[in-house]
There are 2 protein chains.
Amino acid sequence: MNEAIALANLSALSHPMRLRAVRALVARAPNGLTAGEIATSIDASPSKTTFHLNLLSEAGIVSSKRQARHVVYQVEFAALGALLRYLLEDCCGGHPTVRECCASASGDGPGLDC
Amino acid sequence: MNEAIALANLSALSHPMRLRAVRALVARAPNGLTAGEIATSIDASPSKTTFHLNLLSEAGIVSSKRQARHVVYQVEFAALGALLRYLLEDCCGGHPTVRECCASASGDGPGLDC
DNA sequence: TTTTTACTTCAATAATTATTGAAATGAAAG
DNA sequence: CTTTCATTTCAATAATTATTGAAGTAAAAA
């Protein structure tokens with residue numbers, strides 16, 4: 001992970017349709033969803049969906065493979081993990097406040113209002 | 001944290017100057033930096049710097065206060081923590097792969113290549 | 001109280017990003 | 001081999017975001 005990749009990742013996630021697409025894919029992991037299913041779930045036209053999925057794909061946040069007439073998209077958890085790690089470690093300097101927000105998400109730390 | 005705030009946060013971070021400004025502020029936390037020092041450190045004109053700092057400020061990622069002739073900016077770690085938590089928990093569903101990338105950033109988990 | 005320093009605002013322009021809808025492609029079914 | 005389905009591509013347009021530089025504001029120094 002480096003600045004350029006992190007920026008591409010952040011840009012890719014910073015659009016409502018794309019963030020929703022990612023969440024839909026997370027909900028259906030590890031099987032993924034077809035482009036058409038994603039289009040339906042985010043209520044977007046086919047070309048719009050392709051446009052946004054391409055950005056996510058170029059950023060490495062999703063991958064795709066053709067299956068017969070469908071194209072199945074899957075979320076790349078490792079890419080998201082790398083982005084979060086970069087933000088936490090390289091951008092926030094591993095600051096305790098930030099680290100504890102991530103830790104408290106797993107229910108083990110003290111309850112913070114993150 | 002909700003989708004709209006998360007999107008504003010992601011947008012705010014997805015510009016090279018803004019991400020660098022945040023990193024510069026993290027490096028100087030908790031004291032912060034003046035607008036002029038930030039401008040110097042990211043090599044930007046005064047108005048450009050104000051423009052970008054305003055976006056970060058509106059997103060809640062930085063705060064500012066006037067001190068004599070200077071305006072001192074500080075990074076809001078809680079906001080960054082809330083964003084990371086939202087991404088980890090609400091967007092990634094707390095998926096182990098993502099969680100472990102954050103955990104391994106603190107050096108305690110198994111070494112993953114995040 | 002004029003000048004200097006530090007920063008912000010504003011309006012014009014440039015650049016990037018997003019949307020639209022029609023045409024094209026790839027793959028299977030008839 | 002034509003048709004249908006699923007998706008992508010493309011070109012035109014719209015919308016948003018970023019840059020520029022000049023003018024304005026706030027605070028302290030001269």
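Throughout, a chain's letter reflects where its sequence line sits, starting with A, and its residues are numbered from 1.
- With salt bridges taken as basic N to acidic carboxylate O contacts below 4.0 Å, none links A/Glu100 and B/Arg85.
- For residues 56-71 of chain B, there are no salt bridge (Lys or Arg N to Asp or Glu O under 4.0 Å) pairs, not counting sequence neighbours.
- Between A/Met17 and B/Val71, the one whose closest nucleotide on DNA chain C sits nearer the 5' end is B/Val71.
- A heavy-atom distance below 4.5 Å is found between the side chains of B/Leu13 and B/Leu83.
- No donor-acceptor pair under 3.5 Å is formed between the side chain of A/Asn9 and the backbone N or O of A/Ile61.
- A/Val22 and B/Leu7 fall within a single hydrophobic cluster, where Ile, Leu, Val, Met, Phe, Trp and Tyr are joined by side-chain heavy atoms under 4.5 Å apart, directly or via other members.
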Atom pairs under 3.5 Å: protein N/O with N/O of nucleotides 27-30 of chain C:
none

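- Each salt bridge (Lys or Arg N to Asp or Glu O under 4.0 Å) pair with one or both residues in residues 7-28 of chain A, not counting sequence neighbours, appears once here: A/Arg20-B/Glu3.
- Where DNA chain D meets chain A (any atom under 4.0 Å from a heavy atom), the bounding nucleotides read 5' to 3' are D/dT4 to D/dT9.
- Taking a 4.0 Å limit (strictly below) on heavy-atom distances, residues 43-64 of chain B reaches DNA chain C at B/Pro46, B/Ser47, B/Thr50, B/Asn54.
- Contact check of residues 20-30 of chain A against DNA chain C (heavy atom, cut-off under 4.0 Å) returns no residues at all.
- In this structure, the ring pair (Phe, Tyr, Trp, His ring centres under 6.0 Å) partners of A/His15, at least two apart in sequence or on a different chain, are A/His52.
- With sequence neighbours left out, the ring pair (Phe, Tyr, Trp, His ring centres under 6.0 Å) criterion links A/His95 to B/Phe77.
- Grouping Ile, Leu, Val, Met, Phe, Trp and Tyr by side-chain contacts under 4.5 Å, direct or through others, puts A/Phe51 with A/Leu55.
- To the nearest 0.5 Å, atom CG of residue A/Leu19 and atom CG of residue B/Leu10 are 6.5 Å apart.
- In this structure, cysteines B/Cys102 and A/Cys102 have SG atoms that are not closer than 2.5 angstrom.
- Nearest heavy atom pair, residue A/Gly60 against residue A/Ala79, reads O-CB, 3.3 Å.
- Among residue pairs with one or both ends in residues 72-84 of chain A, those qualifying as side chain to side chain donor-acceptor pair (under 3.5 Å) are A/Ser63-A/Glu76; sequence neighbours excluded.
- At a threshold of 4.5 Å between side-chain heavy atoms, the hydrophobic network of Ile, Leu, Val, Met, Phe, Trp and Tyr places B/Tyr86 and B/Ile5 in one connected group.
- Within the structure, the side chain to side chain donor-acceptor pair (under 3.5 Å) test picks out the following pairs touching residues 32-45 of chain A (sequence neighbours left out): A/Thr34-A/Glu37.
- Contacts of residues 34-42 of chain B with DNA chain C (heavy atom under 4.0 Å): B/Thr34, B/Ala35, B/Gly36.
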